[in-house]
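See structure below.
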Amino acid sequence: MTDDSQDGQGEQQQQPPKGMASSETSLSETESLLIDMMKRQATVKAPSGGAEILAEAKKLGQRDEVGGEGEGDRKHAFWDTQPMRQEGQDKKGKKKKSQKAIEETGGSGSDDAGQTMQHCPIVPDKPQEELRQEPYNMPNGFEWSTVDINDEKERDEVYDLLTRNYVEDDDATFRFDYSPPFLLWALTPPGYTKDFHLGVRSSKSGKLMAFITAVPATVRAYEKSISMVEINFLCVHKKLRSKRLAPVLIKEITRRVNLTGVFQAVYTAGVVLPVPVASCRYYHRSLNPKKLVDIGFSRLAPRMTMARMIKLYKLPAETSTPNLRPMTPADVPGAHALLVNYLKKFSLCVEFSEEDFAHWMLPREGVITTHVACNNDGDPTRVTDLVSFYHLPSTISNNPRHSTLRAAYSYYNVATSVPMYDLMKDALTLAMNEDMDVFNALTLMENEDFLKELKFGIGDGELQYYLYNWACPEMASRDVGIVLL
Ligand code: MYA
């Protein structure tokens, strides 16, 4: 769970945080779902292990839109039926059983010789008339609900679900606490579709019990530019866990996205599923070491005193990059050009339009901080440097003194007039001046060049990157150029 960094400081993986917030689901709702499922199981003969879902899925008449016909006796009853990269995709050789299962149901990820075809959909696009038109069934007592994220009340409902039930670390000490303004930002980029903010409510109480989202993005994987969606905020209320609701949410969002002519997606998760395209590790840089030790995020190494630790992590009060200042709308064309050009060197990145860039990068208080510098003598309006981080606090459980861990997450950074090390040191100062406790960064893009020198400590888990329905070789984390929220 913890690891000693080079500085002798142990860090926890901020995969996220966790928590123990009380659940407000009434027992009667949970019980009614359980009873409903038990009744179904009594009437449907399940083939084999993991059959709870299969029985449920069959009873509900569920059918995968692309990929497998249903869940069976596999390690990943759901994921092994989905059009995903397969283990050993990068090598020639025999097809694996699960790959065969996909092919039998329409997949095309391998050629006849058993060699993997690269850089193509695993399952071909389907014409509209072949797509399932009606939503997947929900268990009795629950119903689909498209959430209006622009409505403050509904946004607060999403906030409430996530803040109590979303991603936690292994021992449930820290849990992500995405703020309502952050959710609005994350879910309304140019071209977003309301239908892709998908909730599940209790029919009786109307309470939001589960959620999943998709937003559009043009993503380049190696040489191919693909219209896809970014999937995020998959969440099932703690009282409804392990009942195979997540696969239904994933199938329904897939169906809705497919109906708009899109068949690929990108997403990240802390869990290893079939099969990541890349794997990145979080590193953490202490900004407020005393608090981090107090809350158990970090620990004092043997022979390290708090006074020495504070000194070790002390940062300059001011930034050093000349002319570094908050980005404004007038900077968008120049900063967009800088980032788009920089991202060319990576194997997986978003191809931002100028409009996308303005949405994702302009500063928003308490959500995203972006600074730029224009240090080109010949062209004083040219943006030469860009540094940004988003604000994602975590709820801290069971701590008498602290309820929130304030965390900055490195976003997109480009340095041309100063070394990347200097620019990122400025990022730490900016985060410290916004009262952040810790600055987190993944081992993607060129981050590994500065992490150790800037006294980041290694986290203890990995963030997996996935491409849905897209075959391509695995890549190293330094080749990943996309940061998902
Ligand atoms: S990552 C954040 C995920 N959220 C959390 O970790 C929040 C806390 N946890 C929960 O709310 C629940 O535990 C969740 C699972 C909802 C995660 N990604 O219903 P179940 C598989 C994908 O009985 P529950 C993010 O948001 C699991 O392996 N699948 O389980 C990106 C098993 O399948 P299989 C996951 O615990 C999401 C099945 O679910 C994940 O009650 C990208 C069990 O279902 C996970 N993080 O609920 C989603 N965790 O048996 C994919 C578990 O096969 C998008 N599972 O192993 C795919 C693209 C879709 C669009 C395509 C368009 C073309």
Side-chain angles (χ1 to χ4, degrees), residues 19-47 49-65 69-71 77-79 81 132-149 151 153-168 175 183 187 194-214 231-257 259:
M20 194 39 278
S22 72
S23 156
E24 285 171 2
T25 316
S26 70
L27 266 182
S28 60
E29 282 167 7
T30 311
E31 279 165 358
S32 69
L33 176 69
L34 285 170
I35 291 163
D36 185 48
M37 286 185 163
M38 282 159 65
K39 278 189 197 149
R40 289 167 197 279
Q41 281 162 28
T43 55
V44 177
K45 194 159 184 324
E52 176 193 339
I53 310 285
L54 184 55
E56 189 63 13
K58 285 215 166 133
K59 177 78 180 174
L60 296 174
Q62 291 164 357
R63 185 177 59 83
D64 293 339
E65 203 53 69
E69 285 299 313
E71 298 179 346
F78 171 67
W79 278 108
T81 68
R132 179 180 172 126
Q133 301 296 317
E134 67 286 358
Y136 285 93
N137 294 332
M138 274 278 109
N140 284 348
F142 296 89
E143 55 197 46
W144 296 115
S145 167
T146 299
V147 172
D148 182 357
I149 204 71
D151 180 276
K153 189 174 146 278
E154 296 197 29
R155 189 158 65 243
D156 285 347
E157 288 182 276
V158 173
Y159 172 75
D160 198 54
L161 173 74
L162 296 181
T163 199
R164 294 167 190 272
N165 300 280
Y166 200 48
V167 182
E168 301 177 339
R175 184 172 53 245
L183 293 169
L187 296 177
K194 271 172 94 167
D195 245 18
F196 298 171
H197 303 157
L198 176 58
V200 173
R201 290 183 188 275
S202 154
S203 310
K204 203 166 145 201
S205 67
K207 188 175 163 67
L208 190 66
M209 303 301 290
F211 196 54
I212 189 168
T213 66
I231 302 287
N232 207 348
F233 303 117
L234 168 61
C235 183
V236 168
H237 193 288
K238 287 184 175 187
K239 294 223 164 158
L240 295 181
R241 293 277 169 87
S242 303
K243 304 187 194 319
R244 313 302 297 193
L245 269 187
V248 186
L249 282 160
I250 294 167
K251 287 181 194 179
E252 179 60 14
I253 197 86
T254 301
R255 190 189 72 82
R256 293 184 179 208
V257 170
L259 284 171

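Side chain of Thr163 to main chain of Tyr159: no donor-acceptor pair is present (N/O by atom type, distance under 3.5 Å, no hydrogens or angles). A distance-only check finds no donor-acceptor pair linking the side chain of Ser145 to the backbone of Val147 [under 3.5 Å].
The two residues Lys238 and Asn165 come nearest to each other via the heavy atoms N-OD1, 2.9 Å. Considering every non-hydrogen atom in both Gly199 and Leu208, the closest pair reads CA-CD1, 3.9 Å. Between Asn232 and Tyr166, the closest heavy-atom pair is OD1-OH, 3.3 Å. Closest of all the heavy-atom pairs between Leu234 and Ile250 is CD2-CD1, 4.2 Å. The shortest heavy-atom contact between His197 and Phe211 is C-CE1, 4.0 Å. For Lys251 against Tyr136, the heavy-atom pair with the smallest separation is O-CE1, 3.5 Å.
For Glu157, the salt bridge (charged side-chain N to carboxylate O under 4.0 Å, His left out) partners are Arg201, not counting sequence neighbours. Looking at residues two or more places apart in sequence or on another chain, you find a side-chain contact (heavy atoms from CB on, under 4.5 Å) between Ala210 and Val200, Val236, Leu249. Applying the side chain to side chain donor-acceptor pair (under 3.5 Å) criterion to Arg155, with sequence neighbours excluded, gives no partner residue. Applying the side-chain contact (heavy atoms from CB on, under 4.5 Å) rule to Asp148 yields the partners Asn150, Asp151, Glu154, Lys194; only residues at least two apart in sequence or on another chain are considered.
Distance check, rounded to the nearest 0.5 Å: OG1 of Thr213 to CG of Leu187 gives 5.0 Å. Between atom CG of residue Leu198 and atom CD1 of residue Ile212 there is a gap of 7.0 Å, rounded to the nearest 0.5 Å. Taken from OG in Ser202 to CG in Leu240, the straight-line distance is 9.0 Å, to the nearest 0.5 Å. To the nearest 0.5 Å, the span separating CZ on Phe142 from NZ on Lys207 amounts to 11.5 Å.
For residues 134-146, every residue pair satisfying the salt bridge (charged side-chain N to carboxylate O under 4.0 Å, His left out) rule, not counting sequence neighbours, is listed here: Arg132-Glu134.
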- [ ] Would you please test Leu162 and Leu183 for side-chain contact (heavy atoms from CB on, under 4.5 Å) and show each step?
- [x] CA-CA 10 Å; Leu162 296 181; Leu183 293 169; 3.8 Å; yes
- Would you check, one step at a time, whether the test side-chain contact (heavy atoms from CB on, under 4.5 Å) holds for Lys239 with Arg241? CA-CA 6 Å; Lys239 294 223 164 158; Arg241 293 277 169 87; over 6 Å; no
message: Show, in sequence, the C-alpha distance, side-chain angles and deciding distance for Val257 and Phe196, and conclude whether the side-chain contact (heavy atoms from CB on, under 4.5 Å) test is met.
response: CA-CA 7 Å; Val257 170; Phe196 298 171; 3.9 Å; yes
Item to complete: Go through the steps to decide whether Met138 and Val248 satisfy the test side-chain contact (heavy atoms from CB on, under 4.5 Å), and finish with yes or no.
Response: CA-CA 8 Å; Met138 274 278 109; Val248 186; 3.8 Å; yes
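Contact annotation: the side chain of Glu252 approaches that of Arg256 to within less than 4.5 Å [non-hydrogen atoms, C-beta and beyond]. For the pair Val158 and Phe233, the minimum side-chain heavy-atom distance is 4.5 Å or more.
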